[in-house]
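See below for the structure under consideration.
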Amino acid sequence: MQIIDMPWEIKNLGKRSVSMVIDSSDDLNLIKENIEAISDYEYQVIKAPIERMDVAYILQENGFVFAETAFDLSLKLKNLKCPDTYTRYIDYTSYSEASSEEVQLVDSEIRKGIFNTDKVALDPLMSTELSGQRFANWFTTEVESGKSKCYLVNLEDKPIGFFGVKDVNEKKADSFLAGLFDNEDGRGFGISTIYYPLLVAKESGKKTMTARVSSNNPNSLKVHLELGYKIDKMHYVYVKHNDNK
């Protein structure tokens, strides 16, 4: 079991926040003790393995509500190939590494609330604006750390989206955030923000790409799986606001 204090969420969400990740083998009494130990936090997030239905009952009794199923994905890059269904969208687009000024453009686009299926955006006690602020702060921090790079997806030399690739180690990269800019969704070009990170990773010599997708965004999950991603882990994610006590 992991308990993670999240001081950065004070800036993002304006709340003292904590995350608890439960393992399959964790003792139920210990889980109950730790639920009590984190009860003073204003925003609590608990991830539980899908096979732990006993935990689901305990969390419900303690005022937690289900927010999403989180999928941890990975893909072996050796045989990377874009399905024929999507090649026409890839043929019309290109990608380029973002300049410092373009990273700021991405930051401002994220703040518009483009990730409207996020658990924070969907939470009636939060908002799409808070979700955008949270994602923008996280993304920009990752890029400024030097371990991650930002890329633009372009259509006829106009940026329509972005993606970020994190260098995990010599053999692995992580597609940690990607999306189309406001007003560009629904045209089919979202595939570019998922496929191009794989191409970047493969061309840099990586063997594996990882990613995470929420059940709140089934279209994204569908495309990831069609591109060859496999599901490594699934967690049910529960949240609680102290305001509900």
From CG (Leu122) to OG (Ser127), nearest 0.5 Å: 11.5 Å
Charged N to carboxylate O below 4.0 Å: is that the case for Asp107 and Arg111? yes
State, to 0.1 Å, how close Ser39 and Asn242 come at their nearest heavy-atom pair, and which atoms those are. O-ND2, 3.1 Å
Check whether the side chains of Thr128 and Asn116 place a donor and an acceptor atom closer than 3.5 Å, and report yes or no. no
Lys222 NZ to Leu227 CG distance, which is reported to the nearest 0.5 Å: 10.0 Å
Taking atom types as modelled, find out whether Ser215 and Glu68 have a side-chain donor-acceptor pair closer than 3.5 angstrom. no
Rounded at 0.5 Å granularity, tell me how far CZ in Arg134 sits from CH2 in Trp8. 9.5 Å
If you draw a 6.0 Å radius around CD in Glu170, do more than 12 non-hydrogen atoms from other residues or ligands fall strictly inside? no
Let me have the donor-acceptor pairs involving side chains of residues 77-89, under 3.5 Å, with sequence neighbours excluded, atom names and distances please.
unit_1: Tyr86; atom_1: OH; unit_2: Glu226; atom_2: OE1; d: 2.2
unit_1: Thr87; atom_1: OG1; unit_2: Asp84; atom_2: O; d: 3.0

Can you establish whether the number of heavy atoms outside Glu203 located under 6.0 Å from its atom CD is more than 12? yes
If you draw a 6.0 Å radius around NZ in Lys202, do more than 12 non-hydrogen atoms from other residues or ligands fall strictly inside? yes
Crowded around Asp91 CG? As in, over 12 foreign heavy atoms under 6.0 Å? yes
Once you measure the plane-to-plane angle for Tyr236 and Tyr238, does it fall in the parallel (<30°), tilted (30-60°) or perpendicular (>60°) bin? perpendicular
Can you confirm whether Leu73 sits close enough to Asp232 that some side-chain heavy atom of one is under 4.5 Å from a side-chain heavy atom of the other? no
Euclidean distance, Ser25 OG relative to Met1 CE, rounded to 0.5 Å: 9.0 Å
Mutual orientation of the aromatic rings belonging to His241 and Tyr43 [parallel < 30°, tilted 30-60°, perpendicular > 60°]: tilted
Quick one: are Asn219 and Val223 in side-chain contact, heavy atoms under 4.5 Å? no
Chi angles and distances behind the side chain to side chain contact (heavy atoms under 4.5 Å, CB included) call for Asp54, Ile31: CA-CA 11 Å; Asp54 56 339; Ile31 293 172; over 6 Å; no
Distance col, row Leu221:CG vs Ile231:CD1, nearest 0.5 angstrom, shows 5.5 Å
Can a donor-acceptor pair be found between the side chains of Asp167 and Ser148 at a distance below 3.5 Å? no
Can you pull out every salt bridge (charged side-chain N to carboxylate O under 4.0 Å, His left out) where at least one residue sits in residues 10-29? Sequence neighbours excluded, please. Lys15-Asp243
Should Asn216 and Asp118 be marked as a side chain to side chain contact (heavy atoms under 4.5 Å, CB included) after you check the CA-CA gap, both sets of side-chain angles, and the distance that decides it? CA-CA 7 Å; Asn216 297 338; Asp118 168 57; over 6 Å; no
How close do Val153 and Ser192 get, counting heavy atoms only, and between which atoms? CG1-CB, 3.7 Å
Taking all atoms of both residues into account, what is the closest heavy-atom pair of Ala178 and Thr193, and its distance? CB-O, 3.4 Å
Decide, yes or no, whether a salt bridge links Lys166 with Glu142 under the criterion of side-chain N to carboxylate O below 4.0 Å. yes
Point-to-point distance, once rounded to the nearest 0.5 Å, from CD of Gln133 to CG of Asn137: 5.5 Å
What I'd like to find out is whether the side chain of Phe176 reaches to under 4.5 Å of the side chain of Arg212, using heavy atoms alone. yes
Could you tell me whether the side chain of Ile46 reaches within less than 4.5 Å of the side chain of Val237, counting heavy atoms only? no
Among Tyr95, Phe189, Phe139, find the residue that satisfies the ring pair (Phe, Tyr, Trp, His ring centres under 6.0 Å) test when tested with Phe162. Phe139
With a 4.5 Å limit on heavy-atom distance, are the side chains of Asp72 and Met234 in contact? no
Between Ile3 and Ile38, is the side chain to side chain contact (heavy atoms under 4.5 Å, CB included) condition met? List the steps. CA-CA 9 Å; Ile3 298 178; Ile38 66 172; 4.0 Å; yes
In the structure I gave you, are the side-chain heavy atoms of Val106 and Leu152 within less than 4.5 Å of one another anywhere? yes
Please determine whether side chain to side chain contact (heavy atoms under 4.5 Å, CB included) holds for the pair His235 and Thr69, giving the CA-CA distance in whole Å, both sets of side-chain angles, and the decisive distance to 0.1 Å. CA-CA 6 Å; His235 287 91; Thr69 302; over 6 Å; no
Non-hydrogen atoms of Ile58 and Lys32 that approach each other most closely: CD1-CE, 3.4 Å
Would you say Lys149 and Glu97 make side-chain contact, with heavy atoms under 4.5 Å? yes
Report yes if the side chains of Val239 and Gln44 come closer than 4.5 Å at any heavy-atom pair, otherwise no. no
Counting neighbours of OH on Tyr57 that are heavy atoms of other residues, nucleotides or ligands and sit closer than 6.0 Å, is the number greater than 12? no
